[in-house]
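Residues take their numbers from the sequence shown, with the count starting at 1. A quick note: this is a predicted structure, and the numbers were derived from the prediction, not measured.
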Amino acid sequence: MSTTNAPLNILISAAGDDEKWKSVMVDRLPDANIVTEDNSYDPETIDYALFWKQPQGLIKTLPNLKAIFSLGAGVDHVVSSPSLPTDLPVIRLEDAGMADQMVQYHLYAALHFMRDFDVYSAQQAKADWTQHDVARISQCRVGVMGLGALGSAVAVSLSNLGFSVSGWSRSMKAIEGIATYAGKETLAEFLGQSDILICLLPRTSETENVLNSSTLSFLPKGAAIINAARGAMINEADLLRALDTGHLRGAFLDVAATEPLPESHPFWDHAKIRITPHIAAATRFEESVDQIAENLDRLARGETPRGLVNREIGY
């Protein structure tokens, strides 16, 4: 960390993990003054804030902030704040140990459908020993929506395993071995050749409910969906309808519109849905703090930090 005339003052608000983040930050940045909301501090002295699901109204109490760090890949919890100054930099974590976990999760989920484990699970409930032909992995077409650091890692790993992989994003990306699409005008074509659709889009006003009755209808009959991005990407009623009518074979969901998923929610008991409790990729504290410290160095040198959010597009 670059030395300055005065130590940095850093506030952490991390939805219950404040002390864990503080402990790792203190070890990594021993010369900084690091506090949580439970500590006594002068709001006017805070230089940087580290937030995860920060309380409403907290930002406007910190008049001299130089930047906000999001303690995760998503930044919607910060950029959606009405009190966020328009010129205040927001910095997200680009990987922080999450990519490997995302690859593992999506490999498991993709093989769940490619190897018909959803079918065999249903047969087990009926004591049905029927065997099915094993499909060629190269004939299973996987579409990845969102080609940021995590989406690209998932797409490349599944392609290397033998899946036929394509990707879709807001702007064109070039990834070796991956057929890529960009923009709303190509979405129907992209969806139309996705036997397994993976959603890893960032949450913005444009991506909320991007998977709805209209777009889901573009998927091939019998397609499956894996969503480990945000629950808001999928219109839940439309997804249930597509599953119940048989247009979709199944869904593997790590996120929901309301979390924790309410006990009465129909997803829990649906035969075609597998639920995991937002565990696809956990933020690694040490890797995250290393990345934050590197970006604080960059800011001190007047350089652009890695993971700087484009406020116009929301990620």
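- Residues His132 and Gln123 have side chains that bring a donor and an acceptor to within less than 3.5 angstrom of each other.
- A 4.5 Å side-chain heavy-atom check between Lys173 and Ser152 finds every atom pair outside the cut-off.
- Inter-residue side-chain proximity for Leu71 and Trp21 is flagged as met; some heavy-atom pair is nearer than 4.5 Å.
- Applying side chain to side chain contact (heavy atoms under 4.5 Å, CB included) to Lys22 and the options Asp18, Val26, Val24 leaves one that passes, Val26.
- Ile196 is connected to Leu161 through a chain of hydrophobic side-chain contacts under 4.5 Å among Ile, Leu, Val, Met, Phe, Trp and Tyr, so both are in one cluster.
- Shown here is Arg284, whose CZ atom has no more than 12 heavy atoms of other residues, nucleotides or ligands within 6.0 Å.
- Taking a 6.0 Å sphere around NZ of Lys53, one finds it holds 12 or fewer heavy atoms contributed by other residues, nucleotides or ligands.
- Look at Arg249 and Asp116 and you find a salt bridge, because one of the NZ, NE, NH1 or NH2 atoms lies within 4.0 Å of a carboxylate O, short of that distance.
- In terms of heavy atoms, Ala153 sits closest to Ala99 at CB-CB, 4.1 Å.
- Side chains of Asn33 and Asn9: a donor-acceptor N/O pair is present below 3.5 angstrom, by distance only.
- A continuous path of ILVMFWY side-chain contacts below 4.5 Å connects Val154 to Phe163, so both sit in one hydrophobic cluster.
- Environment of CZ in Arg115: sparse, with no more than 12 heavy atoms of neighbouring residues, nucleotides or ligands closer than 6.0 Å.
- With contacts defined as side-chain heavy-atom distances shorter than 4.5 Å, the pair Lys272/Leu248 does not qualify.
- In terms of heavy-atom proximity, Ala282 sits nearest to Met98 at O-CG, 3.7 Å.
- Side chain to side chain, Thr36 and Asp38 fail the donor-acceptor criterion of an N or O pair below 3.5 Å.
- Atom OH of Tyr108 and atom CD1 of Ile226 lie 11.5 Å apart (nearest 0.5 Å).
- The backbone N or O of Leu216 sits less than 3.5 Å from a side-chain atom of His247, completing a donor-acceptor pair.
- Expressed to the nearest 0.5 Å, how far CG of Asp76 lies from OG1 of Thr204 amounts to 9.5 Å.
- Distance CG/Leu197 to CD1/Ile225: 5.5 Å, rounded to 0.5 Å.
- For Trp52 and Ser13, the side-chain atoms include no donor-acceptor pair closer than 3.5 Å.
- A pairwise comparison of heavy atoms in Val255 and Glu259 identifies CA-OE2, 3.2 Å as the closest pair.
- Taking each heavy atom of Cys199 and Leu211 in turn, the nearest pair found is CB-CD1, 4.4 Å.
- Note: Leu253 CG to Met233 CE = 13.0 Å, rounded to the nearest 0.5 Å.
- Residues Leu299 and Ile91 form a side-chain contact, since some pair of their non-hydrogen atoms from C-beta on lies under 4.5 Å apart.
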Phe252 vs Tyr105, test: ring-ring contact (aromatic ring centres under 6.0 Å, His included). Steps then yes/no.
CA-CA 10 Å; Phe252 215 107; Tyr105 185 92; 5.8 Å; yes
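- Annotation for Glu185: atom CD counts as buried by contact number, over 12 foreign heavy atoms lying within 6.0 Å.
- Atom CD of Glu303 has more than 12 neighbouring heavy atoms from other residues, nucleotides or ligands inside a 6.0 Å radius.
- Rounded to the nearest 0.5 Å, atoms CD1 (Ile292) and CG (Asp297) are 12.5 Å apart.
- Side-chain contacts under 4.5 Å among hydrophobic residues (ILVMFWY), followed directly or transitively, place Leu62 together with Leu11, Val35, Tyr41, Ile46, Phe51, Leu58, Ile59, Leu65, Ile68, Val75, Val78, Val79, Leu84, Leu88, Val90, Val309.
- Remark: the Ser80 side chain and the Arg203 side chain contain no N/O donor-acceptor pair separated by less than 3.5 Å.
- With values rounded to the nearest 0.5 angstrom, Asp290 atom CG is found 11.5 Å from Asn295 atom CG.
- Here the closest heavy-atom approach between residue Thr180 and residue Ile175 is recorded as CG2-N, 4.5 Å.
- Between Gln193 and Ser166, the side chains place a donor N or O and an acceptor N or O closer than 3.5 Å (distance only, hydrogens not considered).
- Using a 4.0 Å cut-off between charged side-chain N and carboxylate O, Arg241 and Asp238 make a salt bridge.
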